[in-house]
Amino acid sequence: MTENNQAATPLLDPSLFISDEVRQRDVKLADGSTHTFYIREQEGGVLRAFGNGQFSDDPEKQAESIARLIAKAISTPDGKPALTLAQAKRLKFSVQMALAKEISEVHSYQGKGSSQDAEAPSGSATSSP
């Protein structure tokens, strides 16, 4: 009798999980300049903490929540943190808003085979309007 040792089929599609891939984004800022940023997807808890901070009654928590998200998500090309929390807090508001938009786009689930990153080569740049 021959034993069949095939690996089990994954129960969930791998596209449902955060990626270790660093996403490159060319971000057009309010002053008209374009800067390249690298963004790492974050676990759900980090995003929930951001959302909770935004809806907090404490203005300090609201102000800090976006800086925390930016400090965690913006990285070097090899995935290491690029900003400290103190640096992220000091970014101009328009820069924070542009980065928050790009971070949100990286985290939005587009489904298997229909994400922006699936259509373009790895590390491709996309521009913000």
Side-chain angles (χ1 to χ4, degrees):
M1 178 180 231
T2 306
E3 195 171 311
N4 190 355
N5 286 335
Q6 294 179 343
T9 303
L11 295 176
L12 297 174
D13 187 295
S15 71
L16 298 174
F17 298 90
I18 62 171
S19 171
D20 292 330
E21 180 182 349
V22 175
R23 312 289 170 83
Q24 178 181 326
R25 293 288 188 264
D26 290 331
V27 181
K28 187 173 182 179
L29 302 178
D31 67 359
S33 65
T34 300
H35 297 266
T36 301
F37 292 93
Y38 301 92
I39 302 171
R40 291 177 300 129
E41 284 185 274
Q42 299 297 304
E43 293 179 354
V46 172
L47 301 177
R48 281 192 300 278
F50 165 72
N52 288 340
Q54 290 295 289
F55 292 107
S56 172
D57 290 335
D58 181 349
E60 292 298 318
K61 285 185 181 178
Q62 288 178 5
E64 192 170 286
S65 68
I66 194 163
R68 284 191 180 283
L69 179 62
I70 289 169
K72 288 187 175 288
I74 301 300
S75 72
T76 62
D78 62 351
K80 294 182 177 136
L83 294 168
T84 65
L85 177 57
Q87 289 171 318
K89 285 180 178 181
R90 291 187 41 83
L91 290 171
K92 293 179 180 181
F93 181 72
S94 62
V95 175
Q96 287 183 338
M97 293 298 98
L99 290 176
K101 177 183 179 292
E102 293 298 327
I103 291 167
S104 175
E105 287 180 9
V106 165
H107 285 84
S108 66
Y109 177 69
Q110 300 296 317
K112 185 176 178 180
S114 64
S115 76
Q116 193 173 27
D117 292 317
E119 295 171 1
S122 175
S124 68
T126 57
S127 298
S128 295

Contact summary for Ala88 and Ala67, nearest pair of heavy atoms = CB-O, 3.3 Å
Closest non-hydrogen atom pair, Gln62 against Ser56 = NE2-O, 2.6 Å
Going through the distances and angles, do Val95 and Val27 end up as a side chain to side chain contact (heavy atoms under 4.5 Å, CB included)?
-> CA-CA 9 Å; Val95 175; Val27 181; over 6 Å; no
Can you sort out the partners of [X] under side-chain contact (heavy atoms from CB on, under 4.5 Å), two or more places apart, ordered by chain and number?
X: Asp20; result: none
X: Arg40; result: Val22, Gln42, Ser75, Pro81
X: Phe93; result: Gln96, Met97

Phe55 atom CZ, over 12 foreign heavy atoms within 6.0 Å | no
From CA spacing to verdict: side chain to side chain contact (heavy atoms under 4.5 Å, CB included), Phe50, Ile66 = CA-CA 6 Å; Phe50 165 72; Ile66 194 163; 4.0 Å; yes
Which pairs with one or both residues in [range] pass salt bridge (Lys or Arg N to Asp or Glu O under 4.0 Å), sequence neighbours excluded?
range: residues 71-84; value: Asp78-Lys80
range: residues 86-100; value: Glu64-Lys89
range: residues 41-52; value: Arg23-Glu41

Report the distance from atom CD1 of Ile74 to atom CG of Leu83, rounding to the nearest 0.5 Å.
->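 Output value for this atom pair is 7.0 Å.
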For the atom pair CD1 (Ile70) and CG (Leu91), what is the distance rounded to the nearest 0.5 Å?
-> 6.0 Å
Sequence neighbours left out, what passes salt bridge (Lys or Arg N to Asp or Glu O under 4.0 Å) with Asp58? Give chain and number order.
->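 Counting only residues at least two positions away or on another chain, Asp58 forms no salt bridge (Lys or Arg N to Asp or Glu O under 4.0 Å).
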Might you work through the side chain to side chain contact (heavy atoms under 4.5 Å, CB included) test for Leu29 and Thr34, ending with a clear yes or no?
-> CA-CA 6 Å; Leu29 302 178; Thr34 300; over 6 Å; no
Under 3.5 Å donor-acceptor, Gln24 side chain and Tyr38 backbone |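 Absent.
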Counterpart residues, side chain to side chain donor-acceptor pair (under 3.5 Å), relative to Ser33 (two or more places apart) |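 Result, side chain to side chain donor-acceptor pair (under 3.5 Å) vs Ser33: Asp31, His35.
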